[in-house]
Colleague: 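This is the structure, below, for whatever I ask next.
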There are 2 protein chains.
Amino acid sequence: MNKPAPAGPSTLIDVAREAGVSPSTVSRILNGTARVSDDKRQAVLKAIARTNFAPNLMAQGLKKGRTHTIGIIVQDISSPFFDETLHGVDDGLKGTGYASVIVTGHWSALEEADRIRLLLARKVDGIVLLSGSLPDDELLHFATQRPIVVTGRALDAPNALGFTMDNEHGAWLAVRHLVELGHRRIAFVSGPPSHADASSRLRGYRRALEEADIPFDPKLVVEGNFRENSGVLAMNYLYDAGTTFTAVFAANDQSAYGARLALYRRGVHVPDDVSLVGFDDLPGSAFTTPPLTTVRQPLYDIGNTAITALLRLINGDRVPTRVPPVELVVRETTKRH
Amino acid sequence: MNKPAPAGPSTLIDVAREAGVSPSTVSRILNGTARVSDDKRQAVLKAIARTNFAPNLMAQGLKKGRTHTIGIIVQDISSPFFDETLHGVDDGLKGTGYASVIVTGHWSALEEADRIRLLLARKVDGIVLLSGSLPDDELLHFATQRPIVVTGRALDAPNALGFTMDNEHGAWLAVRHLVELGHRRIAFVSGPPSHADASSRLRGYRRALEEADIPFDPKLVVEGNFRENSGVLAMNYLYDAGTTFTAVFAANDQSAYGARLALYRRGVHVPDDVSLVGFDDLPGSAFTTPPLTTVRQPLYDIGNTAITALLRLINGDRVPTRVPPVELVVRETTKRH
DNA sequence: CTGTTAGCGCTTTCAT
DNA sequence: ATGAAAGCGCTAACAG
């Protein structure tokens, strides 16, 4: 006689009963923890198939103290920047048996701390914090509970690891490129000054000017917020103030998109009248019109490296973390002046 | 004397001991399950603070049979389409105590089934499947274990709910707009024919032509894959074949970006020489040069509605699901011919 | 090689 | 109002 499908999802105990063995035997087969005779193994395998059994990860986690879940904190879930990074994370997780719960920090240190607590309550096995603004000491405090990998800052503690891109160098590359093309009036659409990457990029901008003996003109830098609209606002501000320039360096691609639109609106041609350089090399930047010259950050690799490093940390290995350096990608928005 | 921080994270039992009450009392306070005298409550609250206690969600989940986790399946984690939808999901989850684990289906029904099984093993309380290609019957099978909400198809079963956008109507709107501007040679960059939305959009294209008494010319439709590059390929193909047209309707914004780039490369001006319409209204489409005329899909609302519906399903309520309709957003890539 | 037993941390009757 | 005790589904000694 065939029993109908059992009430709830079947448990390991159901399987054991079906197969006429003890629960431990089933567990051993599931985990490969010990040798099991072939006939019992077959019986168990059949029982598993028949009862459509899948182990309850909550129960496993409770017992083993590891959930095979890792927590990812992004700042903004619908930003191409983070999404490309997440892509790298996702690929790095593939086939490892780990899943990720992704939460949002919204660029707020307070919210980050809150999210971390939440992830810790969920007993994630580790945390990746992407572009976090949480102070180091708080981060290290949390890291006593679970390993943490953070991007956007250098960090090397027993249970925490951080690495960063050379933003200053990237900005320097961009501006030097412009300088080499003969530009001397180079506007800069900055990022939020509170953001570490943003200030590094400003430093790179200034250093490149200095090296070219171009005096720094504060009127040429206008503060943006890394989003498209701040790029258009910045351009409008500059033109309305009568500030002249032949090139603009935007602190990220999104604000470059905005700047480009504002220029278009005013009938200023890119790159014929004004050259434009961004930062990040978002996937879309190869398809803007014209394709954007920009500083490439290996976003995918950043995500992939972060997760790989975390997985190693979880297993107690420490590893030197290497990501490809930033590099200038010359496309079609820059031209000799 | 102050004890140093205890070895592991503190447990409810530690708290109980600290406060001099029984574990049940602590639990009751945590869950508001029953009245507790005020002095004990204070003692417990203090103990919780002192021991820095946070309940172990794994244990709670094991006991209560709900994990307060929901599974989200997207097809591609670094696509602006899904990311904007995820944004709606994320906001819908805010403050509910639920977290989400996001996995990728990569447009493959097999992989989707696999991911669903994985999520089920994790005992998620419900699943949102975004643009899935899994057949209805398999979906309904999985839905016997946990409620599922799916986008991109209509579905109304006891434990599963699906809703869809009117893609045909959207495409019809786009093409009618072009027709009204005097265009009669309208190229179509399609999506993958296997994709339900893609074929609906093709139908809308054909219907709009029909209604305008414009004969359907198969030479004007070229197959794309929803990505930027297929847009440029499509344009090149059309020009190389000597096919003439004055407007192009791309089956999604990303392929419209690509088409726009190919046009630029050939010195064809948009919208003066050729008009261009996309589909989706991705966040970036308001900032392309020129800003893209497109059919707006309320991606954020789709995500938000899906998660809201799922949360209701989990609580046993059924709800009529309403999302704003698609609509034409006329920006600057279309012009009278 | 295999079964028995004792929990992981929490909630929930059931008594009191 | 509160405590004792049982157990969610699984794993890991410990015996045999």
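Letters go in sequence order (proteins before strands), and every chain restarts at 1.
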Colleague: Would you say C:dC8 has OP1 or OP2 under 4.0 Å from some side-chain N or O of B:Asn56?
Modeller: no
Colleague: Quick check on side-chain contact (heavy atoms from CB on, under 4.5 Å): which of A:Val323, A:Thr85, A:Asp91 does A:Tyr300 satisfy it with?
Modeller: A:Asp91
Colleague: Using the side-chain heavy atoms of A:Val21, tell me which of these nucleotides is nearest: C:dC10, C:dG3, D:dC10.
Modeller: C:dG3
Colleague: Distance check needed: D:dC10 P versus A:Leu30 CG, whole Å only.
Modeller: 8 Å
Colleague: Using a cut-off of 6.0 Å, state whether more than 12 heavy atoms not belonging to A:Lys46 lie near its atom NZ.
Modeller: no
Colleague: When you get a sec, tell me which of D:dT11, C:dT11, D:dA13 is the closest nucleotide to the side chain of A:Gln60?
Modeller: D:dT11
Colleague: Between D:dC8, C:dT11, C:dC8, which nucleotide gets closest to the side-chain atoms of B:Leu62?
Modeller: D:dC8
Colleague: Does a distance-only test, which skips hydrogens and angles, find a donor-acceptor pair under 3.5 Å between the side chain of A:Lys63 and the base of D:dG9?
Modeller: no
Colleague: With the side chain of A:Arg28 defined as its heavy atoms from C-beta on, choose the nearest nucleotide among D:dA13, C:dC1, D:dC10.
Modeller: D:dA13
Colleague: By nearest nucleotide on DNA chain C, pick out whichever of B:Ala54 and A:Ser22 is the more 5' one.
Modeller: A:Ser22
Colleague: Starting at CD1 of A:Ile13 and ending at C1' of C:dT4, how long is that distance when rounded to a whole Å?
Modeller: 12 Å
Colleague: Quick one: which of D:dT11, C:dG3, C:dT12 gets closest to the side chain of B:Lys64?
Modeller: C:dT12
Colleague: Specify the separation, in whole Å, of atom NE2 of A:His68 and atom P of D:dC10.
Modeller: 15 Å
Colleague: Would you indicate, yes or no, if D:dT2 has its OP1 or OP2 atom less than 4.0 angstrom from a side-chain nitrogen or oxygen of B:Ser37?
Modeller: yes
Colleague: Nearest whole angstrom, please: distance from the C1' of D:dC8 to the CE of B:Met58.
Modeller: 13 Å
Colleague: Could I get the full list of ring pair (Phe, Tyr, Trp, His ring centres under 6.0 Å) partners for B:Phe163, not counting sequence neighbours?
Modeller: none
Colleague: With respect to the phosphate group of D:dT11, does any side-chain polar atom (N or O) of A:Ser24 fall under 4.0 Å of OP1 or OP2?
Modeller: no
Colleague: Could you check how far CD1 of B:Ile29 sits from P of C:dT11, rounded to whole Å?
Modeller: 12 Å
Colleague: Figure out the CG/C1' separation between B:Asn31 and C:dT11, and round it to whole Å.
Modeller: 7 Å
Colleague: Measure from the side chain of A:Thr25, starting at C-beta and using heavy atoms only, and say which of D:dA4, D:dG9, C:dG3 lies closest.
Modeller: C:dG3
Colleague: Please pick, from C:dC10, D:dT11, D:dC8, the nucleotide with the shortest atom-to-atom distance to any side-chain atom of A:Pro23.
Modeller: D:dT11
Colleague: Is any side-chain heavy atom of A:Thr305 closer than 4.5 Å to one of A:Thr151?
Modeller: no
Colleague: Quick one, B:Gln75 and B:Leu129 - any side-chain contact, counting heavy atoms below 4.5 Å?
Modeller: yes
Colleague: Roughly, in whole Å, what's the span from CD1 in A:Ile48 to C1' in D:dG9?
Modeller: 14 Å
Colleague: For the side chain of A:Lys40, starting at C-beta, report the closest nucleotide among D:dC10, C:dG3, D:dG7.
Modeller: C:dG3
Colleague: Base, sugar-phosphate alone, or nothing: which one does B:Thr11 contact when heavy atoms must sit under 4.0 Å apart?
Modeller: sugar-phosphate
Colleague: Given atom CG of A:Asp14 and atom C1' of D:dC8, what is their separation to the nearest angstrom?
Modeller: 13 Å
Colleague: Can you give the donor-acceptor pairs under 3.5 Å from side chains of residues 95-105 of chain B to other protein atoms, not counting sequence neighbours?
Modeller:
residue  : atom : partner : partner atom : Å
B:Thr96  : OG1  : B:Leu93 : O            : 2.5
B:Thr96  : OG1  : B:Tyr98 : N            : 3.1
B:Tyr98  : OH   : B:Arg66 : NH2          : 3.3
B:Thr104 : OG1  : A:Asp90 : OD2          : 2.8

